[in-house]
There are 2 protein chains.
Amino acid sequence: MSSGGALAEDELLDALVQVAFHVTGVLSRIGAENDLSLTQLRVFGILRDRRPRVTELATHLGLDKSTISGLIDRAEKRGFLARARSADDRRAVEVFLTPAGRELTTRIYTEVRRELDPMMNVLSADQRARLHELLLLIGLDHHADD
Amino acid sequence: MSSGGALAEDELLDALVQVAFHVTGVLSRIGAENDLSLTQLRVFGILRDRRPRVTELATHLGLDKSTISGLIDRAEKRGFLARARSADDRRAVEVFLTPAGRELTTRIYTEVRRELDPMMNVLSADQRARLHELLLLIGLDHHADD
DNA sequence: TATTGTTATACTCTATAACTATA
DNA sequence: TATAGTTATAGAGTATAACAATA
């Protein structure tokens, strides 16, 4: 499909995959330094400005609710997040950051920026703007959050 | 750092992280459909054109050699890869794909391309070329492979 | 009956520590 | 002594199945 350039297409894809591995690698490493998995890091990121239910988190991350349940257990034991029964639906459980969890999240995301900035700074302001534009285009349908 | 545009920088970073999650998510899902973890997928990808030692794999992926050892065990039991004592250094073990493993790897990477292509195809040929260029720039120092 | 969340179970991933064999 | 790899162990991540409470 798309005449003339299957090889170039593959190279573009390889470059994208490589950058993706680099980015998630940095996230994983910084998470690990704080005893958090990549998934926990994502959950914490989501909880910065939301108070989702267990099932919402599971759907959003593409994981089973039992997986999220266990993950919350462990983070709750460490005092980083908490549960609250929903007022609307007594079956549902809302998850949110504790003050300690919020502090940790802020610290970690600051660190992430500091680590990934050098990668961005090889680009000029113009190039960064263009990259941003292109990333938004290819990212349009995967509901932009977390 | 870098006058005028800290907010825009953050948005660029967010877009990059989001695309990274999308890409690794697709890889994870396709891996899972074939009972392979993301790490195993990466190992298989490396083995397409190399015959590394256990320690080389571990270093490359930032994991402990014992982790790689177990991962090889499981894939070996399933007939996808094999070990061979090195002729140069009798302590070392080389890892390589079996024919079945090579077939599986080809099939999976074809599938990966098919799944990620739609994302690319929202861009014009020109835009794809520009994105490729920019990705290569920011990916320059993270030794380009796997 | 269907949905929300938890628990029990099992397997993989991961690191640390102790070990064997080779250098 | 140092290095390559394996094994034992333990904890976290993950999914499936069975369950209790609520809708």
Side-chain angles (χ1 to χ4, degrees), chain A residues 21 24-25 27-47 51-96, chain B residues 21 24-25 27-47 50-78 80-96:
Chain A
F21 278 141
T24 55
L27 285 164
S28 285
R29 182 168 48 72
I30 294 175
E33 285 165 7
N34 292 275
D35 291 299
L36 294 177
S37 69
L38 188 55
T39 303
Q40 278 178 316
L41 222 62
R42 294 184 72 181
V43 168
F44 281 42
I46 293 169
L47 263 40
R51 191 185 164 99
R53 297 174 178 191
V54 172
T55 299
E56 288 172 332
L57 278 174
T59 304
H60 190 77
L61 297 174
L63 299 171
D64 193 85
K65 31 186 185 126
S66 64
T67 299
I68 301 294
S69 201
L71 187 149
I72 295 169
D73 282 347
R74 290 182 290 274
E76 194 174 25
K77 259 177 214 145
R78 295 169 65 192
F80 294 138
L81 48 83
R83 293 166 154 101
R85 214 85 219 179
S86 163
D88 309 355
D89 184 340
R90 302 280 304 281
R91 294 171 302 180
V93 168
E94 295 169 358
V95 188
F96 55 93
Chain B
F21 277 141
T24 55
L27 286 165
S28 286
R29 183 168 49 69
I30 294 175
E33 285 165 7
N34 292 275
D35 291 300
L36 294 177
S37 69
L38 188 56
T39 302
Q40 278 178 316
L41 222 63
R42 294 184 72 183
V43 168
F44 281 42
I46 293 169
L47 262 41
R50 260 172 297 177
R51 191 185 163 101
R53 298 175 177 189
V54 172
T55 298
E56 287 173 331
L57 278 174
T59 303
H60 190 77
L61 297 173
L63 299 170
D64 193 86
K65 39 191 178 121
S66 65
T67 299
I68 300 295
S69 200
L71 186 149
I72 295 168
D73 282 346
R74 291 183 289 275
E76 192 173 26
K77 259 178 213 143
R78 294 170 64 194
F80 294 138
L81 48 82
R83 294 167 154 102
R85 215 85 220 182
S86 164
D88 309 355
D89 183 339
R90 301 280 303 282
R91 295 170 302 178
V93 168
E94 294 169 359
V95 188
F96 56 94

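A, B, ... follow the sequence lines: proteins, then strands. Residue 1 opens every chain.
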### Side chain proximity check, A:Leu38 to B:Phe21, heavy atoms < 4.5 angstrom
yes

### Message
Tell me whether the side-chain N/O atoms of A:Arg83 come closer than 4.0 Å to OP1 or OP2 in C:dT6.
### Response
yes

### Query
When you match B:Lys65 and A:Gly70 each to their closest nucleotide on DNA chain C, which lands nearer the 5' end?
A:Gly70

### Task
Report the residue (B:Asp73 or A:Arg74) whose heavy-atom-nearest nucleotide on DNA chain D is the more 5′ of the two.
B:Asp73

### Query
Which is true for B:Leu63 with a 4.0 Å heavy-atom rule: it touches a base, it touches only sugar-phosphate, or it touches nothing?
sugar-phosphate

### Query
C:dC13 phosphate, OP1 or OP2: any side-chain N/O from B:Ser37 under 4.0 angstrom?
yes

#### Entry: B:Glu56 vs A:Leu36, nearer the 5' end of DNA chain D by closest nucleotide
B:Glu56

## Note on the structure
Separation of C:dG5 atom C1' from A:Glu94 atom CD, nearest Å, is 13 Å

### A:Thr55 side-chain proximity, nearest of D:dT3, D:dA15, C:dT4
C:dT4

### Message
If we check side chain to side chain contact (heavy atoms under 4.5 Å, CB included) with B:Leu71, which of these qualifies: B:Leu61, B:Thr39, B:Val95, B:Leu81?
### Response
B:Thr39

### Query
Which is true for B:Ser86 with a 4.0 Å heavy-atom rule: it touches a base, it touches only sugar-phosphate, or it touches nothing?
nothing

### Message
Counting only side-chain nitrogens and oxygens, does A:Ser69 get under 4.0 Å of the OP1 or OP2 atom of C:dT6?
### Response
yes

### Query
Where the side chain of B:Leu71 is defined as all heavy atoms beyond and including C-beta, which of C:dT14, D:dG5, C:dG5 is the nearest nucleotide?
C:dT14

#### Entry: Among D:dT16, C:dT6, D:dG5, the nucleotide that comes nearest once only the side chain of B:Val93 is considered
D:dG5

#### Entry: Among D:dG5, C:dT22, C:dT16, the nucleotide that comes nearest once only the side chain of B:Asp89 is considered
C:dT22

### Message
Given 3.5 Å as the limit, does a donor-acceptor pair link the side chain of B:Ser69 with the main chain of B:Lys65, or not?
### Response
no

### Query
Within less than 4.0 Å of OP1 or OP2 of C:dT12, is there a side-chain N or O belonging to B:Gln40?
no

### Task
For the residue pair B:Asp88 and B:Ser86, confirm or rule out a side-chain donor-acceptor distance under 3.5 Å.
no

### Task
Report yes or no: is there a donor-acceptor pair, N or O only, under 3.5 Å between the side chain of B:Ser66 and the base of C:dT16?
yes

### Nucleotide nearest A:Arg91 (side chain, heavy atoms from C-beta), chosen from D:dA15, C:dG5, C:dA2
C:dA2

### Query
Between B:His60 and B:Ile68, is any pair of side-chain heavy atoms under 4.5 Å apart?
no

